[in-house]
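It should be emphasised that the depicted structure is a prediction, and the values quoted were computed from it without experimental measurement. Proteins come first, then strands; the chains are lettered A, B, ... in the order of their sequence lines, and each starts at number 1.
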2 protein chains.
Amino acid sequence: MVEAEDIPSEESTRSKILRTALELFHQGSFNGTSVNQIVVKAGITKGALFHYFKGKNELGYAIVDELLRESVQENWVFPLATSDDPIGYITELLRAFEKEMQETPEMVECGCPLNNLSQEMSSMDSSFRLRLRDVYQEWEDCLDASLRRGIEAGKVRKGIDPAAVAKVLISVFQGSIGMMKVHQTREFSMGLKEGLIQILDQLKP
Amino acid sequence: MVEAEDIPSEESTRSKILRTALELFHQGSFNGTSVNQIVVKAGITKGALFHYFKGKNELGYAIVDELLRESVQENWVFPLATSDDPIGYITELLRAFEKEMQETPEMVECGCPLNNLSQEMSSMDSSFRLRLRDVYQEWEDCLDASLRRGIEAGKVRKGIDPAAVAKVLISVFQGSIGMMKVHQTREFSMGLKEGLIQILDQLKP
DNA sequence: AATCAAAAACCGACCAGTTGGTATGTTGTC
DNA sequence: GACAACATACCAACTGGTCGGTTTTTGATT
C-alpha cells in the first residue's frame, strides 16, 4: 500500500517475462513461440527466464493462473459479482467491443488469448487443461449466479436454465472471437453482433 | 467406374500422408507436430512427403482444401442443401453427437480439427486463414439458405435475420466443441447440450 | 507382345539452423 | 558470507527441408 505500485517505473523481471510471453503466445501460438524469441523481446536472458520458471510449460501455467485469470476477473467476475442484469452488461460489452475493434484490432486479428491457449494446449497437456478449466469455471459460476439474480429481479426470463445458458454464453463468446479471427472483416463482425443481440433478446422476460 | 474404387485395398501414398497428418494435427497441433512424426506414423519417408507437398504448410493447405472441406460438406452442406428444417436437423445432430461422444471420444478430447487449425494458424499465415475462411463460408451459406427456406416453410421464426443467425450458430458450435475439450466431463457436455436446445427452441416459430 | 526411354514415385543420408534446457559463472543486496 | 537475481556460453536433440540416387509406372514404338 505504501509502494507506488500503480506507477511501476521499473517492471519486475518476472512480470516482464510473463507479459512478453503472453503477447507472443497471443500473436503466434505456444508451440510456435520459442523461449529465445521471448527473452529477446523481453530484453532479458535465458538465465533469467529459467531462474523464474522451471521450463516453458511452467511459464505457460503461470500465464494462465495469473494473467488470464486476472483478465477474466476484470471483465466478467468483478462486474457481474453483484449484478442482477447480466444481459444488460453483456449488451454493453458488445457495444464497447465494437469501438475497441477499430482502435485496437488485436482481439479480432489474434483472437482471445484464453481461447487460443485452450484450443492449442488442453488436449496436449492436462496441467494446462485443468488450469484453463478453472479459469472458465470462475467465469461460468459468476455468469450463472448473475443469471439467477436476474431471474429473481425479473430482468431475465424465468423459463431458462441459468447453468446451461451460462455454458452456452461462454461457448458462443469464445466461438465468436474465433470466427472473427478467421473472417477478419467488419461485415462479418457486425453480422455476428447482430445475431448475438438477437439471441440475448430471447433471454429477456 | 470399372475399377473397384470402393475397396481401396491399397490407399494412395498422398492420401495416406493427408490422413495421417490430419490425425496428428488433430491430436496435437500443427506447430507441435513434426514432419518426422508424420512420415513415421504414415510408414513412408520424408522424400515421399516432399514429393507430394512443397512444404509442411502446403500439406496443411491441402488438408484444409480437401479433408476439412469434405467433412463440412458431408455433415452440413449436403444434408442441408435442400432442407427447410435446419433446426430439426441440428437437433438431430446434437442427439447423434451425444452417442458418438461415448463411442468415439475423439471430438470431445481433441476438439474439432477445423476449429483447432483455425485458432492456431489463421493469425499466423494468411494462406491458411483464407482457405479456412472459405470452408466456413460454405458452411455459413448453406445454413443461411436453409434458414431462409425454413422461414418460408413456417418452420423457422419469421423475425430472425438468417445471415446473422447462421454466423451465431457456427460460432456457438465451434465454441462449444472447444469448451468441451477443456472441461472433458459428461456433466458439462450435457449441460451445454441442454442450453443449445433451449437456444434452438427460440428459433422456432 | 516385347522393348525402351522418360517420367513419376519414392528412398534415406545429409544439412544448417533452431529447439528447450543446463552449467558455471558474476553481481548486487541484506 | 549467504542467497537471490541475473548473465553467458554451451549442449544434445530435433526442426523443416534438400539432394542425388533408385525403383516403379507409363506410354509410345516396334
Side-chain angles (χ1 to χ4, degrees), chain A residues 2-3 5 8-64 66 117 120-121 124-128, chain B residues 2-5 8-64 66 117 120-121 124-128 131:
Chain A
V2 180
E3 290 167 355
E5 277 288 330
S9 60
E10 234 174 306
E11 187 182 16
S12 83
T13 300
R14 199 188 110 98
S15 80
K16 200 192 302 181
I17 295 170
L18 284 172
R19 192 175 44 79
T20 307
L22 173 57
E23 198 180 327
L24 287 172
F25 292 162
H26 187 196
Q27 290 166 359
S29 67
F30 184 84
N31 285 311
T33 303
S34 72
V35 300
N36 286 316
Q37 285 178 261
I38 297 171
V39 300
V40 166
K41 176 148 192 175
I44 52 145
T45 61
K46 217 178 272 196
L49 193 150
F50 282 93
H51 171 71
Y52 286 105
F53 306 98
K54 285 176 191 168
K56 193 189 178 188
N57 279 4
E58 300 275 343
L59 168 59
Y61 300 159
I63 287 179
V64 177
E66 301 172 33
L117 206 54
E120 184 181 3
M121 299 308 293
M124 288 292 289
D125 181 309
S126 66
S127 292
F128 260 115
Chain B
V2 179
E3 291 167 358
E5 278 288 329
S9 59
E10 236 175 307
E11 186 183 16
S12 83
T13 301
R14 199 188 112 99
S15 81
K16 200 193 301 181
I17 296 171
L18 283 172
R19 193 175 43 79
T20 307
L22 173 58
E23 198 179 328
L24 287 173
F25 292 162
H26 187 197
Q27 290 167 358
S29 66
F30 185 83
N31 285 311
T33 302
S34 71
V35 298
N36 286 315
Q37 285 177 263
I38 297 170
V39 300
V40 167
K41 177 148 191 176
I44 51 143
T45 61
K46 218 178 273 197
L49 193 149
F50 283 93
H51 171 72
Y52 287 104
F53 307 97
K54 286 178 191 167
K56 195 190 177 189
N57 279 3
E58 300 274 344
L59 167 57
Y61 301 158
I63 287 179
V64 177
E66 301 172 34
L117 207 53
E120 184 181 1
M121 299 309 293
M124 288 292 291
D125 183 308
S126 66
S127 291
F128 260 114
R131 285 158 202 270

Exercise. Examine C:dT18: is either OP1 or OP2 under 4.0 Å from a nitrogen or oxygen in the side chain of A:N36? Give yes or no.
Key: no
Quiz item: Atom CZ of A:F53 and atom P of C:dT22: how far apart are they, to the nearest Å?
Solution: 15 Å
Quiz prompt | B:I44 CD1 - C:dA8 P separation (whole Å) | solution = 19 Å
Quiz item: Rounded to whole angstroms, how far apart are CG on A:L49 and P on D:dA7?
Solution: 11 Å
Self-check item: Single hit among B:D125, B:V64, B:I63 for side-chain contact (heavy atoms from CB on, under 4.5 Å) with B:R131
Solution: B:V64
Quiz prompt | B:F53 side chain near B:R14 side chain, heavy-atom distance below 4.5 Å | solution = yes
Self-check item: Protein-nucleotide distance (A:F50, atom CZ; D:dC11, atom P), rounded to Å
Solution: 17 Å
Practice problem: Using a 4.5 Å cut-off on heavy atoms from C-beta on, say whether the side chain of B:V35 contacts that of B:L59. | Solution: no
Quiz item: Which part of the nucleic acid does B:T33 contact within heavy-atom distance under 4.0 Å: base, sugar-phosphate only, or nothing?
Solution: sugar-phosphate
Quiz item: Can you find a donor-acceptor pair, distance only, under 3.5 Å between A:K46 side chain and C:dG21 base?
Solution: yes
Self-check item: Inter-residue atom distance B:Y61.OH - B:M121.CE, 0.5 Å rounding
Solution: 7.5 Å
Quiz item: Is A:T45 touching bases, backbone alone, or none of the nucleic acid, heavy atoms closer than 4.0 Å?
Solution: base
Quiz prompt | Nearest-angstrom distance from the residue atom NZ of A:K54 to C1' of C:dT22 | solution = 16 Å
Quiz item: Are any of A:H51's side-chain N or O atoms less than 4.0 Å away from OP1 or OP2 of D:dC6?
Solution: no
Quiz item: With respect to the phosphate group of D:dA5, does any side-chain polar atom (N or O) of A:T13 fall under 4.0 Å of OP1 or OP2?
Solution: no
Quiz prompt | Whole angstrom value for the distance that separates P of C:dA9 from CD1 of B:I17 | solution = 11 Å
Exercise. Answer whether the closest heavy-atom distance between the side chains of A:K56 and A:L49 falls below 4.5 Å.
Key: no
Quiz item: Sub-3.5 Å donor-acceptor pair from the side chain of A:E120 to the main-chain atoms of B:S29, do we have one?
Solution: no
Self-check item: Where protein sits on nucleotides 23-30 of chain C, one letter per nucleotide: B base, S sugar-phosphate only, - none, heavy atoms under 4.0 Å
Solution: --------
Quiz item: Under 4.5 Å between any side-chain heavy atoms of B:T45 and B:V39, yes or no?
Solution: no
Quiz item: So B:F30 and B:F128, would you call those rings parallel, tilted or perpendicular, with 30° and 60° as cut-offs?
Solution: perpendicular
Quiz prompt | Axis-to-axis angle between the two ends of the helix from C:dA1-D:dT30 to C:dC30-D:dG1 (five base pairs per end, rounded to 10 degrees) | solution = 10°
Quiz item: Which atoms form the tightest heavy-atom contact between B:M124 and A:Q27, and what is the distance?
Solution: SD-O, 3.8 Å
Practice problem: Starting from C1' on C:dT18, measure out to CD on A:Q37 and report it in whole angstrom. | Solution: 10 Å
Quiz item: Would you say B:Y52 reaches C:dC10's phosphate, i.e. side-chain N/O to OP1/OP2 under 4.0 Å?
Solution: yes
Quiz item: Do A:Q37 and A:T33 meet the criterion of a side-chain donor-acceptor pair at a distance under 3.5 Å?
Solution: no
Self-check item: Nearest-Å distance for atom pair CG/P, residues B:L24 and D:dT15
Solution: 12 Å
